[in-house]
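Below is one structure, written out as structure tokens; the observations come after it.
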Amino acid sequence: MTVDIAEFNRRAVPGLEALTKLLVGGAADHAPAPENRRPFQVGWGLVTALHRQAAAVVTLHSKGLGHEAAPNRRLMIEYVAHLQWLVRDGEDAVDSMNKAHQFKHAGLRKAADDGGYKYDPEAADAVRDAVIPSNPANQYSQMNALAKSLGGGLFESYVGETQLSHATLTAAGCFYRESDDTIELSLTPTYGIDSDPMEASPYMAFFFLFFGMIAFNDLMVGSPWTNDLKAIGEAAGLAGAI
């Protein structure tokens, strides 16, 4: 079966425009009560960051840099996974994110200390001394464990994008080909397959933003985007996704 990448990308353009209109349409009006607001608040930060990464992927693709957008696509997968985690585990997910932040901040502080850098010790102490309850969701603080637990191809997509997001042999190998007696060097990436998978970057940007927004919709009171998301998905070939 031949996949028409150009057609998928064509559908992505109005899809991304429609999703953007939803984002600027007053999500704050559907925020939960203050005592239940943390997952919504964190979710808003994640979904708006996800939207900007989608814009970055599309912009890079338009400049012929779809290969170089791999780190952005990989980050989009992380945002989608964390949004789905918030829907699934709610307050426990937020506590786990805070606990992970505390741990990473300790590493940052040690690096600053070792390097002789100056910082606000009062703020650093506040992060260090915060008491954050443990819960079973802590096992998902690592992206691999989180993506595997959520399913839906997130883990496989994440691992695939990771190969091109770091200084790996896979990434380096896209720029040369060798045989027994010759070597061909290139300034542009090639993959040794019939088509360039990075050409689908605009649709991938739409795809991940769409599923991230489905998750955020569930964090709002009344899930106000449901009908719009259904229509957007159907127009883009994702009927039944919500």
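The model shown is predicted, which means the values in this text are computed figures rather than measured ones.
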Is a side-chain donor or acceptor of [X] paired with a backbone partner of [Y] at a separation under 3.5 angstrom?
X      : Y      : result
Gln102 : Ala130 : yes
Gln163 : Val159 : yes
Asn72  : Ala56  : no
Asn9   : Glu199 : yes

task = Starting from Phe103, walk the hydrophobic network (Ile, Leu, Val, Met, Phe, Trp, Tyr; side-chain heavy atoms closer than 4.5 Å) and list everyone else you reach, by chain and number.
result = none
Within this structure, what is the [atom1]-[atom2] distance for the pair [X] and [Y], rounded to the nearest 0.5 Å?
X      : Y      : atom1 : atom2 : result
Gln84  : Ile214 : CD    : CD1   : 8.5 Å
Phe210 : Leu229 : CZ    : CG    : 5.5 Å
Gln53  : Ile77  : CD    : CD1   : 11.5 Å
Leu86  : Arg88  : CG    : CZ    : 10.5 Å
Asn36  : Leu219 : CG    : CG    : 12.0 Å
Leu238 : Phe211 : CG    : CZ    : 5.5 Å

inquiry  = Using the rule given for side chain to side chain contact (heavy atoms under 4.5 Å, CB included), can you reason through Asp92 versus Trp85, listing the C-alpha separation, both sets of side-chain angles and the distance that settles it, and then say yes or no?
reply    = CA-CA 9 Å; Asp92 284 348; Trp85 187 20; over 6 Å; no
Taking only Lys NZ, Arg NE, NH1 and NH2, and the carboxylate oxygens of Asp or Glu, determine whether [X] and [Y] approach each other closer than 4.0 Å.
X     : Y     : value
Glu78 : Arg74 : yes
Glu7  : Arg11 : yes
Arg38 : Asp95 : yes

Looking at [X], I want to see if its [atom1] is surrounded by more than 12 non-hydrogen atoms of other residues, nucleotides or ligands under 6.0 Å.
X      : atom1 : result
Arg128 : CZ    : yes
Ile183 : CD1   : yes
Gln142 : CD    : no
Gln41  : CD    : no
Lys99  : NZ    : yes

Verdict with reasoning, Met213 to Leu23, per side chain to side chain contact (heavy atoms under 4.5 Å, CB included) = CA-CA 9 Å; Met213 289 180 63; Leu23 277 174; 3.8 Å; yes
Beyond-backbone contact of [X] with [Y], side-chain heavy atoms, under 4.5 angstrom:
X      : Y      : answer
Thr190 : Cys174 : no
Ile232 : Leu22  : yes
Arg109 : Pro121 : yes
Leu108 : Tyr119 : no
Arg37  : Phe40  : yes
Leu19  : His51  : no
Val13  : Pro202 : no

Going only through I, L, V, M, F, W and Y residues with side-chain contacts under 4.5 Å, is there a path from [X] to [Y]?
X      : Y      : answer
Ile132 : Val42  : no
Val47  : Met143 : yes
Leu75  : Leu60  : no

query = What residue among Ser165, Ser157, Ser201 forms side chain to side chain donor-acceptor pair (under 3.5 Å) with Arg73?
reply = Ser201
message = Listing request: all ring-ring contact (aromatic ring centres under 6.0 Å, His included) pairs with a residue in residues 146-185, at least two apart in sequence or in separate chains.
response =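 ring-ring contact (aromatic ring centres under 6.0 Å, His included) check on residues 146-185 returns His67-Phe175.
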request  = Look at the aromatic rings of Trp225 and Phe216 and report parallel, tilted or perpendicular, splitting at 30° and 60°.
outcome  =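 Rings of Trp225 and Phe216: tilted, 30 to 60°.
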request  = Verify side chain to side chain contact (heavy atoms under 4.5 Å, CB included) between Lys21 and Asp228, making sure each step is shown before the conclusion.
outcome  = CA-CA 10 Å; Lys21 288 181 180 178; Asp228 289 312; over 6 Å; no
task = Would you check, one step at a time, whether the test side chain to side chain contact (heavy atoms under 4.5 Å, CB included) holds for Phe208 with Val57?
result = CA-CA 11 Å; Phe208 290 125; Val57 168; over 6 Å; no
message = Under 6.0 Å between ring centres: does that hold for Phe206 and Tyr203?
response =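 Centroid distance Phe206-Tyr203: below 6.0 Å, so yes.
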